[in-house]
Amino acid sequence: LLNRGFHSSKCCIALNNFICIKTALLMADMITDIKFSIIIPSYNRSQYIVKTVQSVLNQSYGNFEIIIVDDGSTDNTESLVNTLSDGRISYYKTVNKERGAARNFGISSATGTYLTFLDSDDLLRENHLHVACSFIKEHQFPPVFHTGYDIVDEDGNIIRKWITLP
């Protein structure tokens, strides 16, 4: 499950796919506080990465981890990410193997109850994880769900409103 990435003058306000990675615990009703793993694969995205990560750090719901997988960038992505000081951020630089491998690496590092992918040029609305958490609880912890997204320009103006799901 992947969300779309938009480049140059467009970016995506992501309301994206979530996958439960701890189904056994959910079935045993042991989860009281849902943790999200936000996986951000990146390759030469220094112009976007800080804003993307900041959109996650600005969430009204705070139980999450950010896993940034730098897929062999040759720009200053690493030095910019290193300026962000938050214990919820993990940064991994790997040899370039393309996005699929970076996503798989992020999955293997995830410790959350649910995971989602966020492209390194996308943004989350401030209430994104709060809305997702409410949906999860309201729908008895679905194993997979998708919430939709809007396409916006660099100034935040909506270019295309996506129908939110479900």
Side-chain angles (χ1 to χ4, degrees), residues 1-7 11-26 28 30-137 141-147 149:
L1 296 172
L2 308 174
N3 63 349
R4 299 179 190 180
F6 294 90
H7 311 292
C11 76
C12 177
I13 297 288
L15 295 176
N16 45 358
N17 304 297
F18 288 84
I19 304 165
C20 180
I21 56 176
K22 297 199 175 174
T23 307
L25 290 175
L26 291 176
M30 295 175 68
I31 299 294
T32 57
D33 195 19
I34 297 167
K35 180 179 180 182
F36 293 100
S37 295
I38 313 298
I39 300 169
I40 305 173
S42 183
Y43 177 75
N44 288 341
R45 297 305 206 136
S46 62
Q47 70 272 33
Y48 302 113
I49 192 71
V50 171
K51 192 171 182 180
T52 296
V53 173
Q54 200 61 52
S55 78
V56 181
L57 293 174
N58 290 339
Q59 291 298 296
S60 59
Y61 183 88
N63 193 12
F64 60 83
E65 64 181 343
I66 302 170
I67 301 168
I68 302 167
V69 183
D70 184 339
D71 193 31
S73 292
T74 57
D75 65 3
N76 64 336
T77 296
E78 182 174 8
S79 62
L80 290 172
V81 170
N82 286 335
T83 67
L84 302 169
S85 60
D86 190 296
R88 298 171 292 183
I89 300 172
S90 297
Y91 174 82
Y92 302 95
K93 185 155 188 172
T94 63
V95 174
N96 182 267
K97 294 181 184 176
E98 301 302 325
R99 260 189 296 196
R103 286 185 169 114
N104 288 338
F105 184 93
I107 290 169
S108 69
S109 302
T111 63
T113 314
Y114 281 82
L115 66 84
T116 190
F117 300 111
L118 181 64
D119 286 344
S120 54
D121 63 343
D122 290 350
L123 306 171
L124 295 181
R125 295 192 188 279
E126 252 183 37
N127 65 342
H128 181 65
L129 296 180
H130 179 80
V131 169
C133 187
S134 296
F135 177 87
I136 290 166
K137 290 176 179 178
F141 298 89
V144 177
F145 68 96
H146 176 78
T147 57
Y149 56 88

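- In this structure, the side chain of Thr52 engages the main chain of Ser120 through a donor-acceptor pair within 3.5 Å.
- With contacts defined as side-chain heavy-atom distances shorter than 4.5 Å, the pair Ile66/Asp86 does not qualify.
- Gln59 places none of its side-chain heavy atoms less than 4.5 Å from the side chain of His130.
- Residues Asn96 and Thr74 are not in side-chain contact: their nearest non-hydrogen atoms beyond the backbone lie 4.5 Å or more apart.
- Across Ser37 and Gly112, no two heavy atoms sit closer than the pair OG-N, 2.8 Å.
- A 4.5 Å side-chain heavy-atom check between Asp75 and Leu80 finds every atom pair outside the cut-off.
- Considering only heavy atoms from C-beta on, Arg45 stays 4.5 Å or farther from Asp70 through its side chain.
- Nearest approach of Ser55 to Leu124, heavy atoms of both residues: OG-N, 3.0 Å.
- Side-chain atoms of Glu65 come within 3.5 Å of backbone atoms of Thr111 as a donor-acceptor pair (strictly under, hydrogens ignored).
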side-chain contact (heavy atoms from CB on, under 4.5 Å) assessment of Leu57 paired with Phe64: CA-CA 9 Å; Leu57 293 174; Phe64 60 83; 4.3 Å; yes

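- For Glu126 (side chain) and Val56 (main-chain N/O), no donor-acceptor pair under 3.5 Å exists by modelled atom type.
- Here the CD1-OG distance, from Ile68 to Ser42, works out to 8.0 Å after rounding to the nearest 0.5 Å.
- Side-chain atoms of Arg88 come within 3.5 Å of backbone N or O of Gly62 as a donor-acceptor pair.
- Ring planes of Phe135 and Phe145: tilted class, angle from 30 to 60°.
- Atom CG of Asn63 is separated from atom NZ of Lys35 by 6.5 Å, given to the nearest 0.5 angstrom.
- Every residue was checked against the ring pair (Phe, Tyr, Trp, His ring centres under 6.0 Å) condition with Tyr91, not counting sequence neighbours, and none meets it.
- Within 6.0 Å of the NZ atom in Lys93, the count of heavy atoms belonging to other residues, nucleotides or ligands exceeds 12.
- The structure places CZ of Phe36 at 4.0 Å from CD1 of Ile136, a figure rounded to the nearest 0.5 Å.
- Rounded to the nearest 0.5 angstrom, Ser109 OG and Leu115 CG are separated by 11.5 Å.
- Glu98 and Asp71 get closest at one heavy-atom pair: N-OD2, 2.8 Å.
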Residue pair Tyr48, Leu123: steps toward the side-chain contact (heavy atoms from CB on, under 4.5 Å) verdict: CA-CA 9 Å; Tyr48 302 113; Leu123 306 171; over 6 Å; no

Ile40/Ile49 under side-chain contact (heavy atoms from CB on, under 4.5 Å): CA gap, chis, key distance, verdict: CA-CA 9 Å; Ile40 305 173; Ile49 192 71; 3.9 Å; yes

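- To the nearest 0.5 Å, atom CG of residue Asp122 and atom CZ of residue Phe117 are 13.5 Å apart.
- The distance from the CG atom of Asn44 to the CG atom of Asn76 is 9.5 Å, given to the nearest 0.5 Å.
- Residue Pro142 comes nearest to Tyr114 through the heavy atom pair O-OH, 2.6 Å, listed as atom of the first residue, atom of the second, then distance.
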